[in-house]
K.L.:
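Let me give you the structure first, and then I'll get to my questions.
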Amino acid sequence: MDVATGARAPVETIGADAADPRTLRAAFEGSTQLFLSMANSPRQAELEKNVIDAAAWCGVRHVVKLSAPAAEPASPVAVPGGHRQVEGHLAATGMTATLLRPYAFMQKLLLNAPAIARGVLIGAMRQAPCNYVDVRDIADVAAETLLRPGLARRHVHPDRPAGLQPSRARPSAQ
């Protein structure tokens with residue numbers, strides 16, 4: 001995308017298999033930047049490390065990674081722990097990295113729409129506030145970070161404003 005005009009640039013798509021370094025290297029040939037986002041799975045850390053290794057081998061200089069908010073070494077939860085492993089692996093490559101660490105995706109609230117209509121927000125957070133962020137905002141942050149080198153080398157938490165407390169979640173009166 002042309003930042004000045006907002007016009008979309010043509011995008012070339014190339015298929016690759018994250019488990020196959022040969023296809024990854026072919027896909028990254030000539031690339032300088034990477035947006036890394038994969039679905040959570042038991043193999044996520046392994047596959048993301050494969051992607052990072054192939055990108056580094058091909059000379060990619062900047063990686064924007066969609067990570068997890070609690071990607072801390074002491075996290076007892078598997079998903080953030082896997083992201084932490086990948087973040088460490090990425091740091092060891094020497095490539096510039098920007099880590100996006102959103103907490104909860106606003107679009108997931110749609111799964112709770114029937115309960116929310118009754119004034120209930122289902123979740124495991126008790127009365128802790130939760131910062132919901134629109135996935136489109138995450139995409140915008142990723143794009144701006146890739147297009148503006150001065151924004152690189154940061155941990156971005158695009159959900160830091162005050163969170164929504166379950167006790168305050170009420171259906172709107174429409």
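Count residues from 1 along the sequence.
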K.L.:
Ignoring hydrogens, what is the shortest heavy-atom contact between P102 and S67? Give both atom names and the distance.
P.N.:
CD-O, 4.2 Å
K.L.:
Ignoring hydrogens and geometry, is there a side-chain-to-backbone donor-acceptor pair from D134 to M106 under 3.5 Å?
P.N.:
no
K.L.:
Using modelled atom types only, decide if a donor and an acceptor are shared between the side chain of Q44 and the backbone of G82 within a distance under 3.5 Å.
P.N.:
no
K.L.:
In Å, rounded to the nearest 0.5 Å, how long is the span from CG of D140 to OG1 of T145?
P.N.:
10.5 Å
K.L.:
What I'd like to find out is whether the side chain of L99 reaches to under 4.5 Å of the side chain of L90, using heavy atoms alone.
P.N.:
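Yes, side chains in contact.
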K.L.:
If you look at every heavy atom in A16 and L24, which pair is closest and at what distance?
P.N.:
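In terms of heavy atoms, the two residues are closest at CB-CD2, 4.0 Å.
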K.L.:
Just verifying a value: how many Å separate K49 NZ and R43 CZ, rounded to the nearest 0.5 Å?
P.N.:
12.5 Å
K.L.:
Tell me whether F35 shares a hydrophobic cluster with V135, the cluster being built from Ile, Leu, Val, Met, Phe, Trp, Tyr side chains joined at under 4.5 Å.
P.N.:
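Yes, same cluster.
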K.L.:
Report the distance from atom CG of D53 to atom CZ of F28, rounding to the nearest 0.5 Å.
P.N.:
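Going from CG on D53 over to CZ on F28, the span is 10.5 Å.
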K.L.:
Say whether M95 and W57 are linked into one hydrophobic cluster, either directly or through other cluster members, by side-chain heavy-atom distances under 4.5 angstrom.
P.N.:
no
K.L.:
Rounded to the nearest 0.5 Å, what's the gap from CG on L111 to CZ on F105? Could you check?
P.N.:
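The CZ atom of F105 is 12.5 Å from CG of L111, to the nearest 0.5 Å.
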K.L.:
Can you tell me how far apart NE2 (H62) and OG (S31) are? Round to the nearest 0.5 Å.
P.N.:
14.0 Å
K.L.:
What are the two closest non-hydrogen atoms of H83 and N40, and how far apart are they?
P.N.:
NE2-OD1, 3.8 Å
K.L.:
Taking all non-hydrogen atoms of both residues into account, name the closest pair between A68 and R101 and its distance.
P.N.:
O-CG, 3.4 Å
K.L.:
For A55 and L34, work out which heavy atoms get closest and say how close.
P.N.:
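Looking at all heavy atoms of both residues, the shortest contact is CB-CD2, 4.0 Å.
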K.L.:
Determine yes or no for a side-chain-to-main-chain donor-acceptor pair under 3.5 angstrom, with E48 supplying the side chain and V86 the backbone.
P.N.:
no
K.L.:
Just how far is it from atom CG of D17 to atom OG1 of T23, taken to the nearest 0.5 Å?
P.N.:
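Result: 5.0 Å between the selected atoms.
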K.L.:
Do E87 and R84 sit within salt-bridge range, that is, some charged N less than 4.0 Å from a carboxylate O?
P.N.:
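The answer is yes: the pair qualifies as a salt bridge.
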K.L.:
Between V51 and A18, which heavy-atom pair has the shortest distance, and what is it?
P.N.:
CG2-CB, 4.0 Å
K.L.:
Please say whether more than 12 non-hydrogen atoms of neighbouring residues, nucleotides or ligands are located less than 6.0 Å from CZ in R61.
P.N.:
no
